[in-house]
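One structure is given here, and the rest of the page talks about it.
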Amino acid sequence: MDKITIKEKFARSLHRFGFSANFLTAVGLVLAAISGGLVFRGEIFWAGVVLLGSGLVDLMDGAVARVSNTQSVFGGILDSSMDRYGDGFIFGGLFFHFMQQARVEAALLTMSAWIGAFLISYVRARAECEMDACRVGFWERGERVGVLVLGLVTGHIGMAVLILGVATHWTVFQRLSAAYFNAHAGAAQRAQLPFYLKTGKRSDPAYFAKIAFIAALLLVTRA
């Protein structure tokens, strides 16, 4: 049984218990806010556990909308908007946590990661006003949350914000480049993207290699 089937079965179970997609979106936001508050208080491990719960709930709201045939344009907008609030709670909690500890470099990297996370979503949304899709790049929200969760539960959150503070801007660059390429290249050129704009699927071996490398970096390196 593949992962998609398992996800759909779980989504159907949630729907049968009366959970709507918008309710799950709200729960994910509340959990993200709680996680941000725990980070601010210095309860790093539990902040990671709660953030993991937020990420799992966020993973299911779209699936519940699909299996219940309640997908809507507004639902997608609401989900994306609440994700931005959730990011703000987490990165805000981290920023003030590091400032309390006088870790100015880590606080600045947190701000850089926060800006990068917002720009990844903004550039995609703005580009898709002019083109069909702009989803190039590795650092989608799921990957960013995964790095933060692993950093929090292992106590290596400094390394997590270092990774995100630098790497998220590469995805921003990729998406800006894709938008420029789409606007200026001819049809034949658009059919053959430059190598740095090609993004593999999450089922590709290269994707899992990246995940394994980042996880190993977080587990063995403290910053």
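Because only heavy atoms are used, hydrogens play no part in the values below, and waters and symmetry mates are left out as well, while side chains stay in.
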### Message
Counting neighbours of CH2 on Trp170 that are heavy atoms of other residues, nucleotides or ligands and sit closer than 6.0 Å, is the number greater than 12?
### Response
yes
### Task
Could I get the full list of salt bridge (Lys or Arg N to Asp or Glu O under 4.0 Å) partners for Glu128, not counting sequence neighbours?
Arg124
### Task
Can you spot which of Leu31, Thr25, Val30, Leu29 makes a side-chain contact (heavy atoms from CB on, under 4.5 Å) with Val27?
Leu31
### Query
Just wondering, more than 12 heavy atoms not from Phe96 lying within 6.0 Å of its CZ?
no
### Query
With ILVMFWY side chains joined below 4.5 Å, transitively, what does Val104's cluster contain besides itself?
Leu108
### Value rounded to 0.5 Å, distance of CD in Glu105 from CG in Leu162
11.5 Å
### Query
Should side-chain heavy atoms under 4.5 Å link Ile, Leu, Val, Met, Phe, Trp and Tyr, which residues sit in the same cluster as Val73?
Ile77
### Message
Can you confirm whether Arg144 sits close enough to Thr168 that some side-chain heavy atom of one is under 4.5 Å from a side-chain heavy atom of the other?
### Response
yes
### Message
I need the minimum non-hydrogen distance between His156 and Leu219, along with the two atoms involved.
### Response
CE1-O, 3.2 Å
### Task
Please check if atom CZ in Arg84 has more than 12 non-hydrogen atoms from other residues, nucleotides or ligands closer than 6.0 Å.
yes
### Query
Taking 4.0 angstrom as the limit, do Glu140 and Arg135 come out as a salt bridge?
yes
### Query
Do Phe23 and Phe19 make the cut of ring centroids closer than 6.0 angstrom?
yes
### Message
For the CH2 atom of Trp46 and the CD1 atom of Ile34, what is their distance to the nearest 0.5 Å?
### Response
13.5 Å
### Task
Answer yes if the side chains of His169 and Ser112 hold a donor-acceptor pair under 3.5 Å, and no otherwise.
yes
